[in-house]
Structures are given as C-alpha cells and as structure tokens.
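Right, one structure below, let's go through it.
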Amino acid sequence: MTMQRIIIPGGSGFLGRQLAKYFKNNGYQVVILSRQEFHSEDATVVLWDGKSLGSWCQELENSLAVINLAGRSVDCRYHAKNRQVLLDSRILSTKILGLAIANCVNKPKVWLNSSTATLYEHTYGEGHSENGKIAASPDAKDEFSIELANAWEKAFNESISQDIRKVLLRTAIVFGNDSGTAYQIIKRLVGLGLGGRMGHGKQYVSWIHSNDFCRALEWIIINNQSNGIYNISAPNPLTNKLMMQIIRKKLGVPFGLPATKWMLEIGAFFLRTETELIIKSRRVLPTRLLSEGFEFQFTNFIDMIEDLEK
C-alpha cells in the first residue's frame, strides 16, 4: 500500500518538526516545504519561496493533507518593516497554496491552515469557544495581532473551497522540550530566579502539550466531517501566576522575582519582542474538539509539566 503523504509548508520550525516526527512514526510520508535547505530525519525537504508557483506544486498531488504553518515568528518588535514581513509571510504563502491546490488534478483531501488563539478578545472572564468574540484591547496592546490574524484567515477563507475540506487552526501556546520554545524560555527564567508572576499574574494562559497538538491535527485529518474553525488548546487554561508557581515547584526553585509591567516593557525592548505576548489574557476552550469526541492525553497543566520533565 502506498504511504499517505502529509505536506507541511513552513515546517522547519518547532511545530513542523514535531508534526513530521509524529506523522512519520505513525506510518505517513512527510514532505516539508521550506524557504531554506535543512536536514530532517523525518521528512523530505522541498524548497519553495512561499509566494510563487514552482516544481514544489507536484508534491500536493494525491496527498492526504496540507498543514500550512508558513509565517515569520511573531516574537519580534512590531515596527513597520516587521509588520509587513509578518503579513506577507502569511498572506502570500496562503494565497499561493490556494492557487497550487486549485491547479491540482488530484487535490489533497484536506487543507489545514494555521491561525492563532490570540485572535480572541483579551478576557479574565469566561473562556472563548470557536464562536468567541474577536476584538482588540488597549490593555493587551494586541491591535496589530488581531489585524494580522484576521488578514491571515481572510486569505485562507477566500482561497479554493471546492472539492477539499478546509480547517482553520486557532492554536494556543504549544509546550515542548525543543530549544527556543516558550517552555524552555520560561525554564531559563525560573532557573535565574526570575520565575515569578509576570505583570499582575491574573492573565490566563491557554496551552497544549506538543503531543496533543499533533494528535488533534491527525484526528481532524482522519475525521471526514471536520471542517471550519477549531481551537487547538487544552481544556483548562490557568493564570500566569499559577503557571509560574507550578513550574517553579516542579523545578525545585522556591522563589521567583515577579516582573512588573514596566519591567516587562523594558525587557521586551531589549529582547526585541512585544509585551503583548505576555500580558494578554488568553482563555480559550477547545469546544469543538471535545464535543466531537477528541480525547486529550493532557488536560491538567501539572501533568503536562511532569511529562515534559521526565
């Protein structure tokens, strides 16, 4: 039997590597579309520029699924030049994928496109389902992030829709052990004695274990009725203060200096990032995944951290 193929545009980063390893281990053939050459033990790497048609389009023929992760990391300062790069890297890659898929003789069965749980309104109240309110908040300084996510989803929604399932992935913070990931950065801060609450610590953090992230995407691919918007997040968000307490306890660090909002502003400037990534309260619920029968392996933040620290 021919192996089913998964195509991952923009798959050279953490999430792409996790998906490639997961799908390969579960009997799939994986192809990563990348702007730069790199070695992968789990996938075939094919070059593309993310904005024009080319020989890479052949990889889409007869594939099972396309999982588009292409887009520059948002971990940067949002000045005019970076804003344009962030927009172009997402919108142009999504549009060219839509055109390439439209030209396929035998189209992929399903197209999954990244989005972000940041799209939902900053809140300390009830969690957001897939029908949650979308709005920017001055307190969260998230106006550009909302603009970026809306433009990304618009490009996807306006692309090919016939003869293919389409799924938007509004993904929370994915926790894993690769270097440079959010969890590794937090661990480093904790080890330096800087693992206290960030700001007032009341902001909610939505999260998902990297293995559940991969499992959820496979579940969506396999289930032929899955389409539309899915929140890719564990069912139990927690506050920043509680998150830092749990991590400190697991790492055996009894105390962590808190970071006030003005300290975060200074730190973000020198780290060339934005405080919105820390201070926004993201309380997102995987309503559709749960109602349609997906079973998470990790629903409790403590259990997830214990697994990552094994």
Side-chain angles (χ1 to χ4, degrees), residues 1-34 40 42-48 50 53-71 90 93-116 130 152-153 155-171 174 208 210-233 286 288-289 292-295:
M1 181 180 295
T2 303
M3 296 175 68
Q4 293 182 306
R5 285 185 303 122
I6 306 289
I7 315 301
I8 310 178
S12 60
F14 164 58
L15 294 183
R17 295 194 302 270
Q18 292 290 311
L19 287 169
K21 182 176 181 180
Y22 175 86
F23 281 114
K24 179 188 176 183
N25 289 342
N26 283 277
Y28 299 87
Q29 179 186 1
V30 182
V31 176
I32 289 175
L33 302 182
S34 174
S40 172
D42 302 308
T44 300
V45 178
V46 174
L47 293 178
W48 77 327
L53 299 175
S55 59
W56 60 268
C57 298
Q58 300 170 10
E59 303 296 335
L60 304 178
E61 292 283 351
N62 286 306
S63 61
L64 174 62
V66 174
I67 307 173
N68 182 27
L69 305 176
R90 286 160 173 75
S93 58
T94 300
K95 286 183 175 180
I96 201 63
L97 275 171
L99 181 57
I101 291 172
N103 291 338
C104 284
V105 176
N106 297 290
K107 294 179 176 61
K109 298 295 187 296
V110 58
W111 176 10
L112 288 71
N113 211 74
S114 286
S115 182
T116 172
E130 286 81 0
W152 200 4
E153 293 196 356
F156 177 68
N157 289 330
E158 291 178 348
S159 295
I160 179 173
S161 58
Q162 294 181 341
D163 303 322
I164 185 172
R165 285 191 294 125
K166 296 173 65 179
V167 177
L168 270 169
L169 308 170
R170 292 180 178 168
T171 304
V174 181
I208 187 170
S210 58
N211 195 53
D212 273 340
F213 170 79
C214 296
R215 292 179 59 250
L217 268 58
E218 183 186 29
W219 187 89
I220 289 170
I221 289 169
I222 292 173
N223 283 273
N224 293 328
Q225 303 306 311
S226 296
N227 62 79
I229 299 167
Y230 282 84
N231 289 343
I232 309 299
S233 179
R288 288 195 64 191
L289 284 175
E292 294 173 11
F294 179 74
E295 296 182 0

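Index from 1, following the sequence. Keep in mind that the numbers below use all heavy atoms, side chains included, and drop hydrogens, waters and symmetry copies.
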Shortest non-hydrogen contact from Thr94 toward Ala155: CG2-C, 3.9 Å
Test log, rule side-chain contact (heavy atoms from CB on, under 4.5 Å), inputs Tyr28 and Ile221: CA-CA 12 Å; Tyr28 299 87; Ile221 289 169; 5.8 Å; no
Side chain Arg5, main chain Glu61, donor-acceptor under 3.5 Å: yes
4.5 Å side-chain heavy-atom contact, Asn103 and Leu53: yes
Considering all heavy atoms, the nearest Val45-Ser34 contact: CG1-CB, 4.1 Å
Minimum side-chain heavy-atom gap Asp42-Arg17 below 4.5 Å: no
Step-by-step side-chain contact (heavy atoms from CB on, under 4.5 Å) determination, Leu19 to Phe213: CA-CA 9 Å; Leu19 287 169; Phe213 170 79; 3.8 Å; yes
Point-to-point distance, once rounded to the nearest 0.5 Å, from CG of Asn157 to OG of Ser115: 9.5 Å
Exam field: side chain Arg215 to backbone Glu295, donor-acceptor pair closer than 3.5 Å: yes
Close side-chain approach of Leu64 to Ile6, heavy-atom, < 4.5 Å: yes
Neighbour count above 12 (heavy atom, 6.0 Å) for Lys21 NZ: no
Atom pair CZ/OG1 of Arg90 and Thr116 - distance to nearest 0.5 Å: 8.5 Å
Nearest heavy atoms of Ser226 and Trp219, plus distance in Å: OG-CZ3, 3.9 Å
Phe23 backbone acceptor or donor facing Glu218 side chain under 3.5 Å: no
side-chain contact (heavy atoms from CB on, under 4.5 Å) evaluation trace for Val46 with Gln58: CA-CA 10 Å; Val46 174; Gln58 300 170 10; over 6 Å; no
Test item: Lys24 side-chain N/O and Val30 main-chain N/O as donor-acceptor pair under 3.5 Å: no
Heavy-atom side-chain proximity of Phe14 to Ser210 below 4.5 angstrom: yes
Closest heavy-atom pair and its distance - Gly11, Leu69: CA-CD1, 4.4 Å
Least distance between heavy atoms, Ser63 atom then Leu60 atom: OG-O, 2.8 Å
Arg165 side chain to Trp111 backbone, donor-acceptor under 3.5 Å: no
Leu217 CG to Ile67 CD1 distance, which is reported to the nearest 0.5 Å: 5.0 Å
Close side-chain approach of Pro9 and Trp56, heavy atoms under 4.5 Å: no
Test item: Trp152 and Asn113 side chains (from C-beta on) under 4.5 Å apart, heavy atoms: yes
Nearest atoms (heavy-atom pairs only) where Arg288 meets Asn227: NH1-O, 2.6 Å
Glu59 side chain reached by Trp48 side chain, heavy atoms, under 4.5 Å: no
Asn231 side chain near Leu289 side chain, heavy-atom distance below 4.5 Å: no
Heavy-atom donor-acceptor pair, Ser159 side chain to Lys95 backbone, under 3.5 Å: no
Separation between SG of Cys57 and CD1 of Ile7, rounded to the nearest 0.5 Å: 11.5 Å
Atom pair CG/CD1 of Leu99 and Ile96 - distance to nearest 0.5 Å: 5.0 Å
Spacing of Leu33 atom CG and Thr44 atom OG1 [to the nearest 0.5 Å]: 11.0 Å
Identified side chain to side chain contact (heavy atoms under 4.5 Å, CB included) counterpart of Leu112 within the set Ile8, Ile232, Leu169: Leu169
